[in-house]
Chemist: 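Submitted below is the structure of interest, expressed as structure tokens.
Naming convention: chains lettered A, B, ... in sequence-line order (proteins, then strands); numbering from 1 in each chain.
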Amino acid sequence: MLYQTLLNTRSHVDFIKLDNVSKMFQNLTVLKKVSMEIHKGEFIGILGPSGCGKSTLLTLLSGLEKISSGVLHNNSTKGKSAFVFQDSCLMPWKTLEQNIAIPLEILNLSRQEIEEKVNKYLKILDLYKFRKNYPRELSGGMKMRASIARALVTDPEVILMDEPFASLDQILRERLVDEIYEIYLRKNLTGIFVTHNIAEAVFLCNRIYIFSFHPGQIIGQIQINKSNMDMKKYRNSDVFHQTCVKIRTILENSNE
Amino acid sequence: MLYQTLLNTRSHVDFIKLDNVSKMFQNLTVLKKVSMEIHKGEFIGILGPSGCGKSTLLTLLSGLEKISSGVLHNNSTKGKSAFVFQDSCLMPWKTLEQNIAIPLEILNLSRQEIEEKVNKYLKILDLYKFRKNYPRELSGGMKMRASIARALVTDPEVILMDEPFASLDQILRERLVDEIYEIYLRKNLTGIFVTHNIAEAVFLCNRIYIFSFHPGQIIGQIQINKSNMDMKKYRNSDVFHQTCVKIRTILENSNE
Amino acid sequence: MFFIKHVLKLEQFWKTQMNRTKINLTSFLYPLLFLIFILLFWEFLIIYFKIPKYFLPSPSNVLNAFILNIKTFLIATLVTLSITFLAITLSIISGVLIAIGVFQYKILDKTISPYIVILQTTPIVSIIPLLIIWFKSNTFITLVICAWIACIFPIISNTLIGLKSTDKSLIKIFRIYGASQTFMLKKLYIPSALPYFLSGLKISGALALIGGISAEFIAGTGGRASGIAYILLMAGYNLETDKLFAALFIITVLGIFIYSLFNFISYLLLKQWHDSSTNF
Amino acid sequence: MFFIKHVLKLEQFWKTQMNRTKINLTSFLYPLLFLIFILLFWEFLIIYFKIPKYFLPSPSNVLNAFILNIKTFLIATLVTLSITFLAITLSIISGVLIAIGVFQYKILDKTISPYIVILQTTPIVSIIPLLIIWFKSNTFITLVICAWIACIFPIISNTLIGLKSTDKSLIKIFRIYGASQTFMLKKLYIPSALPYFLSGLKISGALALIGGISAEFIAGTGGRASGIAYILLMAGYNLETDKLFAALFIITVLGIFIYSLFNFISYLLLKQWHDSSTNF
Amino acid sequence: KKNHGTINSKENNDYFPLVLGTDWFAQAEHGGFYQAVAEGIYEKYGLNVKIKMGGPQVNGIQLLLADEVQFYVPASYIMMSAAKQKLPIISVAAIFQKDIQVLLAHPNVGNDTLENMKNKPIFISAPTAASIWGFLEGKYGYKESQKKSYSHSLTPFLQDKNSIQEGILTSEPYLIEKNFGFKPVAILLSDYGFSGYGELLTTTKKFEEKHPKIVQNFVNATLEGWKSYLENPTLGNELIKNANPEMTDELLQFAHQKFINEKIISGGDAELYGMGIMTDVRWREFANMLIESKAFDKNIDYHSIYTLKYLNNTK
Ligand SMILES: Nc1ncnc2c1ncn2[C@@H]1O[C@H](COP(=O)(O)OP(=O)(O)OP(=O)(O)O)[C@@H](O)[C@H]1O
Ligand SMILES: Nc1ncnc2c1ncn2[C@@H]1O[C@H](COP(=O)(O)OP(=O)(O)OP(=O)(O)O)[C@@H](O)[C@H]1O
Ligand SMILES: [Mg+2]
Ligand SMILES: [Mg+2]
């Protein structure tokens with residue numbers, strides 16, 4: 001509640017703001033002086049080489065880990081964020097549908113509501129047939145999808161996603177990107193999206209931060225303007241391809 | 001040794017052969033009447049939607065699970081295969097380098113040899129700096145790379161890879177694909193490569209099997225002829241692009 | 001179509017059931033054969049070497065003593081069993097509560113943990129006189145308390161280590177959604193601790209029995225409602241070796257019964273999610 | 001550059017060390033304060049209500065008895081400690097071997113498992129006479145055997161459940177490369193079972209002490225090599241309440257010592273890979 | 001006469017409630033107490049007496065001090081310990097004029113005197129050792145190395161023909177003869193100068209000071225009970241078996257026979273002064289014996305732990 005009012009009165013303040021945030025593990029600097037501003041309703045992409053600190057950044061944003069120095073403001077409503085971890089982490093002693101229902105149980109919804117929502121997302125993610133299976137009876141991609149469903153099921157205000165589509169086939173992946181984009185448009189979602197797929201990031205996001213390897217620093221920030229474009233057209237537009245190439249070049253250069 | 005001689009005398013026999021192999025879990029048919037032949041030195045790609053039974057197929061090929069019906073021949077030398085699982089599964093109580101050394105310890109190499117080989121692959125996979133870290137101190141992509149290093153370190157005869165590059169960034173991914181292709185050429189490796197990335201499969205493999213969803217059946221088999229082409233040229237050739245599009249079409253159609 | 005599926009499922013079910021029974025049969029068969037072999041060998045030895053009954057009674061002597069005193073044994077068994085189960089129930093409740101308390105509140109951990117260890121390491125035998133005074137000579141309660149003290153520690157220790165072994169990523173998931181500590185306990189920590197707890201329970205079952213019996217050895221009840229240890233003790237004093245062995249045999253059977261019971265409970269609870277439940 | 005790095009590392013090291021010590025200090029402080037409070041309160045109560053020494057000795061009485069008999073106590077403590085540690089060593093060796101045997105060979109599992117349970121549930125008290133016959137009245141060995149029987153089961157049970165909890169995917173990895181069963185045991189199963197084993201060890205430590213002491217209560221006859229329980233027993237017979245409490249206090253301290261030792265070992269061994277090692 | 005089957009006398013406010021703690025499960029050694037309950041003798045004296053059985057490790061003195069029981073029946077040695085610890089308890093009558101502790105040996109191996117048993121292995125339990133070892137060591141030069149663990153199995157004794165076994169006159173000789181078919185040599189320690197009393201009626205000093213009349217009545221009733229038990233133990237034995245179902249008639253009978261034949265209760269001073277008698281001479285003799293064997297300090301004030309004032313009236 002406090003958060004909410006703060007947000008309303010100070011809507012000019014950024015939704016999430018990092019100011020010179022660093023993160024160390026013992027004597028290893030993983031993130032160095034990262035500053036970013038995320039406004040409500042933005043979809044932010046995070047790109048960078050493996051091990052550069054993307055997952056670490058998300059845990060900082062979600063408050064699961066403490067920052068080592070700098071300032072971090074997060075004005076999102078408590079309990080209204082969702083997180084898709086890089087690995088699925090489902091509870092092995094619960095079935096798929098029970099796993100997905102967990103956040104709703106935490107939010108104390110009625111049995112019926114829970115069932116409705118869970119079923120809806122089970123269907124969206126092609127998992128309905130396997131809802132009674134235990135995680136160990138599922139394929140890698142299915143587990144990851146379950147983890148996505150668990151994040152979406154709460155209608156979150158902010159969603160943090162750590163390579164959610166990595167283990168999915170291209171067709172499913174594209175469908176899910178569309179799906180999430182639609183949810184994003186409909187619900188005024190704020191998203192932070194870690195991925196290795198440049199095209200996906202360019203398609204989904206308003207802004208993309210590019211990180212360098214060791215220590216993780218922002219080496220590029222790309223604003224994407226697609227407001228008035230039809231999405232299908234956008235995917236095939238020149239802007240799209242040019243942005244992709246531009247990002248690739250930044251990444252390639254940073255590697256040398 | 002027995003295997004080896006068998007192989008030498010009957011080199012006309014296929015290296016690995018499946019004849020109408022099916023696999024059931026309880027009353028769920030996961031793979032149905034799969035027949036394939038893999039010759040020594042081939043690199044086989046396996047494509048198919050998430051949950052279609054690709055990982056299951058690999059466990060059958062490696063002998064880790066029993067087939068439910070049909071015939072499976074595997075004439076590879078025992079202990080000379082390597083497996084990159086879909087998740088990294090490292091031992092949490094060992095450091096990165098100790099984890100990678102495990103297969104070599106099983107094969108009873110000398111300490112020095114082990115160290116040499118481990119260091120070589122640590123470097124190839126950009127992990128050398130982190131060799132003393134425990135798995136929980138590594139990023140998702142690093143863990144996966146460690147798992148790839150663990151597979152390559154033994155100079156295997158057959159390598160089974162289950163989406164090894166899924167959680168890696170594009171640049172690293174391409175480098176690793178090149179690396180593996182080189183090893184393949186140099187060592188006459190036989191590879192079975194599960195992936196969701198069509199381009200990668202087309203680039204690396206001689207032959208690609210495409211699987212349908214539920215029950216997993218072979219719905220397409222594509223022979224790729226790139227013997228005399230330079231790899232850089234190949235990646236930009238029309239054949240390459242056409243093959244990719246063709247596979248995509250098969251996958252898309254199967255989905256409807 | 002649906003009907004056929006259902007029939008198939010049923011068939012599947014019975015097949016697995018049968019397989020399970022088969023496994024259970026062989027798992028009974030081996031030790032049973034071993035037992036029969038030992039008993040026969042024992043009987044033979046005693047007949048062959050003419051070992052006197054007082055030195056080592058033969059299985060047939062023991063059986064005889066058992067049959068002659070069956071009613072006494074039955075009552076005593078019931079008393080001992082009720083002490084044991086009361087103690088286990090008490091220690092499950094208190095042990096789990098203590099483990100959770102210690103797990104949740106650092107202060108509790110720091111302040112009382114050492115005293116729980118003390119409780120565990122103080123030999124029951126030495127506190128029985130105190131207990132007798134405190135519980136106004138109600139021997140039954142004294143015995144239950146002794147058995148309880150004897151068996152609570154493995155429950156606390158294993159439950160606690162189980163709670164602490166909860167997957168760190170799962171904890172994060174729950175935190176993200178702002179789950180309350182109570183909710184997390186119920187839905188996350190306790191299920192995670194289950195296999196450890198059950199392993200502790202198996203140890204505790206045996207300890208409760210031993211605790212109760214040892215306490216009875218020391219505090220002694222006598223009279224109408226006396227347990228199996230009293231019979232064992234008196235048989236010892238009266239030099240009735242066969243009866244003593246019969247009592248020992250009953251204790252052993254009780255032990256196996258309690259162990260099997262907890263093993264079975266463990267199997268039932270764990271079969272859904274943990275592969276270590278097979279047996280032992 | 002390298003030099004500076006090294007210095008930084010050293011500084012880091014000492015900082016963590018200091019933090020660790022700080023934590024340990026507070027974790028000693030709380031129970032210690034609690035203890036001092038209780039002791040003072042106890043002394044006060046006894047002075048205030050003029051409770052006679054024979055009924056409940058005051059801490060100062062107990063301390064006095066301790067100082068007066070310090071030499072006897074010291075020798076007895078050494079005897080008890082050696083019994084306990086011998087028993088624990090024996091039970092670690094035999095318990096782990098049995099667990100591994102049962103884990104590796106189905107036949108062994110089926111045949112002997114029930115008899116291990118029997119061993120566990122048979123009250124020591126009732127087999128001491130047999131042990132005395134077998135070991136030609138060598139009380140020391142008898143006591144060690146009793147303590148061993150008392151404490152082996154948690155080790156077997158926990159180790160076995162640990163071995164069975166080994167990650168299935170890791171087993172697959174080892175299988176692929178054709179690792180021998182021995183190799184897998186050494187490099188995979190045993191490290192996997194470690195946390196379970198250590199939890200069992202903590203339970204066993206306490207049980208070994210209790211087992212030895214209980215056995216001494218029953219078998220003890222004194223002589224040169226009599227342990228602390230014998231002193232406790234004799235103090236009881238001779239109605240020396242203060243000496244009895246001093247002996248009880250020593251047993252408790254021994255218990256805490258053994259527990260802390262295993263807790264520390266557990267911490268050292270687990271700190272690399274398991275988060276549940278904090279304490280308890 | 002109707003209610004005699006139960007251990008409790010009828011609940012009645014007119015009767016003074018007392019709990020008598022014994023040192024073991026019900027047995028012939030407690031016969032007189034049960035007899036007094038069974039025959040209503042305590043009621044006749046205005047007492048409502050409940051008997052609480054002891055057990056292997058039940059510390060009766062502690063129960064007495066905690067007022068859980070009002071009377072307890074220790075032997076002289078324990079009273080000496082109490083004197084050393086200055087415990088406020090006091091013995092008011094002695095049921096057993098002789099200590100019934102025996103040492104048992106196999107027949108025909110020459111172990112028929114305490115002197116001959118020197119250097120032979122003795123199976124002896126810790127509590128027994130606590131009371132008699134000082135005497136054996138001090139007076140007969142027994143060695144610590146002779147002591148062997150005894151935990152209530154006679155098998156080690158039976159195996160070694162040279163070994164010695166502790167025992168009670170009224171039980172082990174019978175059990176051995178019955179079960180193993182030979183009559184063991186039984187040496188009664190009291191015949192060798194272990195001159196303690198057994199089954200001393202003992203209460204706290206506080207109780208004794210506050211209720212001298214009750215104490216007197218209890219002593220009188222108990223002695224009457226024992227007299228009756230020696231004459232015809234049927235009623236008492238029934239109660240005993242009721243409380244301790246594992247007790248056998250033969251053993252009760254054997255013990256009863258021993259009481260009479262060895263004049264455990266009616267012999268010695270009792271022949272002159274009546275049952276229950278204690279004398280300063282005997283107490284001094286016993287105390288000196290223990291002081292000489294260094295079990296106790298010579299300044300020990302053993303006079304405070306007994307009183308003879310309730311005994312003159314019984315004559
Ligand atoms: N132990 C099991 N019990 C029951 N069903 C199982 C079991 N293991 C796998 N399955 C089922 O088998 C099917 C194929 O699984 P598999 O892991 O082989 O898929 P996959 O092709 O590797 O998918 P992905 O690309 O998502 O990894 C899935 O539908 C899964 O639910
Ligand atoms: N607990 C820890 N202790 C020490 N180092 C850690 C720890 N956690 C992460 N690191 C280090 O932090 C760095 C960044 O890790 P992170 O998981 O954020 O990378 P990432 O960008 O998500 O990589 P990937 O794309 O491979 O998932 C890595 O170098 C890793 O070794
Ligand atoms: Mg990551
Ligand atoms: Mg898979």
Side-chain angles (χ1 to χ4, degrees), chain B residues 1 3 55-56 58-66 74 76-95 98-109 132-137 143 146-162, chain D residues 1-2 5-6 8-10 12-13 16 96 104 106 158-159 161-201 265-278:
Chain B
M1 278 307 279
Y3 279 99
S55 303
T56 308
L58 290 196
T59 58
L60 295 181
L61 287 176
S62 64
L64 289 173
E65 286 256 14
K66 292 221 170 68
N74 189 336
S76 65
T77 321
K78 232 182 153 181
K80 275 293 215 179
S81 343
F83 201 141
V84 181
F85 283 100
Q86 195 163 3
D87 41 59
S88 49
C89 47
L90 305 171
M91 285 180 274
W93 61 89
K94 297 223 158 190
T95 62
Q98 286 168 340
N99 261 294
I100 294 172
I102 273 289
L104 299 176
E105 282 181 35
I106 296 176
L107 300 176
N108 222 343
L109 300 199
K132 301 275 179 218
N133 284 42
Y134 286 92
R136 73 186 122 81
E137 301 166 343
K143 278 187 269 191
S147 157
I148 297 170
R150 181 176 57 190
L152 293 175
V153 83
T154 52
D155 296 324
E157 193 175 82
V158 180
I159 189 164
L160 307 165
M161 294 188 286
D162 198 351
Chain D
M1 196 51 199
F2 256 91
K5 232 181 190 172
H6 191 71
L8 279 175
K9 252 189 192 164
L10 261 182
Q12 192 66 36
F13 176 78
T16 25
V96 169
Q104 298 243 61
K106 263 274 139 67
N158 268 24
T159 307
I161 216 168
L163 289 172
K164 288 185 177 176
S165 305
T166 306
D167 188 334
K168 298 291 165 288
S169 321
L170 286 174
I171 295 176
K172 284 182 190 166
I173 292 277
F174 277 74
R175 287 258 167 81
I176 290 276
Y177 296 103
S180 67
Q181 196 65 12
T182 331
F183 187 88
M184 282 174 79
L185 255 180
K186 218 176 77 186
K187 295 279 177 169
L188 178 61
Y189 292 125
I190 288 175
S192 293
L194 196 63
Y196 284 85
F197 163 78
L198 289 169
S199 165
L201 189 60
I265 292 176
S266 173
Y267 167 77
L268 282 186
L269 290 176
L270 290 189
K271 81 175 161 199
Q272 287 302 1
W273 79 279
H274 204 272
D275 297 278
S276 61
S277 68
T278 24

Chemist: Which answer fits Thr154(B), side chain, backbone, both or neither, if we ask what part of it has an atom under 4.5 Å from a heavy atom of chain D?
Modeler: side chain
Chemist: Could you grab the distance from atom CZ of Arg150(B) to atom OG of Ser88(B), nearest 0.5 Å is fine?
Modeler: 8.0 Å
Chemist: Hey, what do you get for OG (Ser81(B)) to CG (Leu58(B)), rounding to the nearest 0.5 Å?
Modeler: 11.5 Å
Chemist: Checking an interface table here. Which of residues 182-189 of chain D come within a heavy-atom distance under 4.5 Å of chain B?
Modeler: Phe183(D), Lys187(D), Leu188(D)
Chemist: Do Leu198(D) and Asn158(D) touch side chain to side chain, with heavy atoms closer than 4.5 Å?
Modeler: no
Chemist: Would you name the heavy atoms of Leu163(D) and Ile190(D) that are closest together and state the gap between them?
Modeler: CD2-N, 4.1 Å
Chemist: So which residue, Pro103(B), Pro135(B), Gly63(B), ends up with the most heavy-atom pairs under 4.5 Å with chain D?
Modeler: Pro103(B)
Chemist: Which value, rounded to the nearest 0.5 Å, describes the distance between Leu194(D) atom CG and Leu201(D) atom CG?
Modeler: 10.0 Å
Chemist: Of the backbone (N, CA, C, O) and the side chain (C-beta and beyond), which part of Phe85(B) lies under 4.5 Å from a heavy atom of chain D, both, or neither?
Modeler: side chain
Chemist: Just how far is it from atom CG of Asn99(B) to atom CE of Met91(B), taken to the nearest 0.5 Å?
Modeler: 5.0 Å
Chemist: Within the side chain of Lys168(D), is there an N or O that forms a donor-acceptor pair under 3.5 Å with the backbone of Thr166(D)?
Modeler: yes
Chemist: Search all heavy atoms of Tyr177(D) against all heavy atoms of Ile106(B) and return the closest pair with its distance.
Modeler: O-CG2, 3.4 Å
Chemist: Tell me, out of Thr59(B), Ile102(B), Leu160(B), who's got the most heavy-atom pairs with chain D below 4.5 Å.
Modeler: Ile102(B)
